[in-house]
Amino acid sequence: MPIPPLRERPAYAALAEHHTQLQHRHLRDLFAEDAQRGERLSAEAAGLYLDYSKNRVTDQTLRLLFDLAEQSQLQQGRDMMFAGDRINVSENRSVLHVALRMPRDASLTVDGVDVVAQVHEVLDRMADFANKIRTGAWLGHTGRPIRNIVNIGIGGSDLGPVMAYEALRHYTDRDLTFRFVSNVDATDFVEATRDLDAEQTLFIVSSKTFGTLETLTNATSARDWLIARLGDPAAVAKHFVAVSTNAERVAQFGIDTANMFGFWDWVGGRYSVDSAIGLSTMVALGPEQFGELLAGFHAMDEHFRTAPLDRNLPALMGLLTVWNVDFLGAQSIGVMPYEQYLKRFPAYLQQLTMESNGKHVTLDGTTVDYQTGPVYWGEPGTNGQHSFYQLLHQGTRLIPVDLIGFGRSLNPLRDHHDILTSNVFAQAQALAFGKTEQEILAEGTSPDVAPHRVMQGNRPSNVLLAETLTPRILGALVALYEHSVFTQGTIWGIDSFDQWGVELGKVLAVAIIPELGGTEPALNHDSSTNTLIRRYRALKGG
Ligand code: F6P
């Protein structure tokens, strides 16, 4: 059954009508009318508790959002993804990151191949390699064990590994040093390697395509760095491994494909942290804890696949995002982890959400007449509170936030954790309920100053709570956002799995590179670009 355009689905029109009635209702009233709201509007799965009661929704809103999901064939779309159908239409690919975390005894046949068996074959090779590094059995060119691991990659080949390493640092082998090089700015490579002993350093070159300019440039500099220090090109064999889908290019670069860990075109870069791209994570954590991470992903996958919509965390979060974006007009969403180890989580989510849903046409190429993916951004709490939360509370924009908290700190110290967590609850409260002029005047504030202190409230938030940050919880958390993104993309009818928008800039940069070198004759760009190139040449003194 074809799905009608979004605005022609009956539930969309009903939501628009419903919004006109609801827009003047305040969260204060919604809570006052229903003493159970805070308990009722919550859901729990895979160790994560979601309180979504501080969204501007009623039971009727939720019913209409579930209708919209049905009319958008969310469940069918989800089943197609899990079955390996080619739902990435513009690239004609399956989207099977869920297969990366299926247990060993599962099977999923796509084009005649059991992809789960393939996944576990690579996981076993990764585990063997990770153990050799961790135990010191893998020796460098001069016979010394590897102690430093440098992941070179960009986008999904960097953000996943660095986010997971930082998030799970508590569980890592502290005798090993991990660095992550992504930016083609040489400073990134130079600072990451300046104190490393080449004899004990291993480079993991991570690139799905093995054709990404930034990564190949950094990998080439890494090879030069190593050979300059060890004095022998043969050293590359023991100090470089690759993670890629492209064996030919890996071999061309000079890495033995016996030291390559593969994955498949059905794993998108931003969905690859749990593939071989997670090799550095597995070395840091050990295979067992990496298995826990995968188990957390899988638990959330199973929840998403089987739970009814009204208890389905990713579906609820995705539908609430559609509500906030398309009906309440939110343009961005803040994600604030109250957990220092999750400091790179917002950056990771930016690629996951914005590369996925930053799209302007539907699957059949029609330009959308509604808003799609919002801007995601964030910082660990409580730092953000002393910087940009002012705008969240009193600015003129509506910015829904996800606040992520934990029951226990991995580093308990005096009363830090209670102070930290009190802020999760206090911020959600302040955003929702604010403070009225009446309340402010009643405190004795002068009428001149009172308007400056008014907090309108009625600002939506989700609170996510878990017991403590473990590999399993991290897996569930990432899968939660992955499937929320899927839910949003399905409602919007867009391809959440391509990223053509990043290509033009790459092509233009390649054309400009040779022009920056010297006094090459005519520049044929627009007048701004020509002037900037000439100014750059002058600045660099060429
Ligand atoms: O340019 C965007 C992108 O293609 C991302 O989608 C991807 O994660 C990143 O570049 C890196 O690509 P690769 O792993 O092929 O080097």
Side-chain angles (χ1 to χ4, degrees), residues 87-97 100 122 126 150-165 180-185 188-189 203-223 240-253 255 257 260-281 344-359 373 376 478 481-482 485-486 489 494-511 513:
I87 61 168
N88 176 356
V89 293
S90 80
E91 295 181 316
N92 190 28
R93 286 180 183 163
S94 305
V95 175
L96 268 178
H97 42 277
L100 296 169
V122 174
M126 287 166 64
V150 183
N151 185 77
I152 297 178
I154 198 163
S157 301
D158 166 70
L159 287 163
V162 71
M163 180 279 290
Y165 172 71
F180 300 85
V181 175
S182 54
N183 197 337
V184 74
D185 183 336
D188 203 12
F189 177 79
F203 292 97
I204 301 178
V205 185
S206 299
S207 175
K208 179 176 171 181
T209 54
F210 229 78
T212 304
L213 184 57
E214 289 89 337
T215 298
L216 293 184
T217 305
N218 277 320
T220 304
S221 296
R223 189 171 55 193
F240 273 76
V241 299
V243 179
S244 187
T245 57
N246 195 326
E248 210 178 302
R249 285 188 183 157
V250 168
Q252 259 168 26
F253 180 83
I255 298 177
T257 48
M260 168 181 158
F261 300 86
F263 60 114
W264 308 271
D265 73 355
W266 43 259
V267 183
R270 52 194 177 273
Y271 297 88
S272 67
V273 60
D274 48 343
S275 72
I277 290 290
L279 184 62
S280 58
T281 316
R344 295 291 284 161
F345 190 60
Y348 171 81
L349 277 189
Q350 287 187 316
Q351 188 198 12
L352 176 65
T353 59
M354 290 158 73
E355 213 174 56
S356 295
N357 284 343
K359 307 292 160 64
Y376 274 78
V478 174
Y481 279 94
E482 286 178 349
V485 162
F486 176 85
I494 57 180
D495 189 334
S496 298
F497 302 102
D498 62 11
Q499 58 285 318
W500 297 106
V502 300
E503 295 306 322
L504 177 60
K506 291 183 194 174
V507 173
L508 296 179
V510 167
I513 293 167

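Read the numbers this way: they start at 1 and go in the same order the structure lists the ligands and their atoms.
Residues Arg249 and Ser244 bring no donor and acceptor atom of their side chains to less than 3.5 Å of each other.
The ligand atoms of ligand 1 that sit less than 4.0 angstrom from a heavy atom of Val502 are 1 (O), 2 (C). Interface atoms of ligand 1 facing Gly155, defined by a heavy-atom separation under 4.0 Å, are 8 (O). If you number the atoms of ligand 1 from 1 as listed, the ones under 4.0 Å from a heavy atom of Thr212 come out as 12 (O), 13 (P), 15 (O), 16 (O). Residue Ile154 approaches ligand 1 through these ligand atoms, each under 4.0 Å from one of its heavy atoms: 9 (C), 11 (C). Of all atoms in ligand 1, numbered sequentially from 1 with element shown, those under 4.0 Å from a heavy atom of Gln351 are 5 (C), 6 (O), 7 (C), 8 (O).
Of the N or O atoms in Thr209, one or more lie within a sub-3.5 Å distance of an N or O in ligand 1. Note: an N/O pair closer than 3.5 Å links Glu355 and ligand 1 by distance alone.
The protein heavy atom nearest to atom 8 (O) of ligand 1 is Gly156 N, 2.8 Å. In terms of protein heavy-atom proximity, atom 4 (O) of ligand 1 is closest to Lys506 NZ, 3.9 Å.
Atom CD of Glu503 has more than 12 neighbouring heavy atoms from other residues, nucleotides or ligands inside a 6.0 Å radius.
Ring-plane geometry between Phe253 and Phe210 is classed as perpendicular, the angle between the planes exceeding 60 degrees on a 0 to 90 degree scale with a lower cut at 30. By the 30° and 60° cut-offs, the orientation of the rings of Phe345 relative to Tyr481 is perpendicular.
Between the side chain of Glu482 and the main chain of Tyr271, no donor-acceptor pair closer than 3.5 Å is present. With hydrogens and angles ignored, the 3.5 Å screen pairs no side-chain donor or acceptor of Lys506 with any backbone N or O of Leu213.
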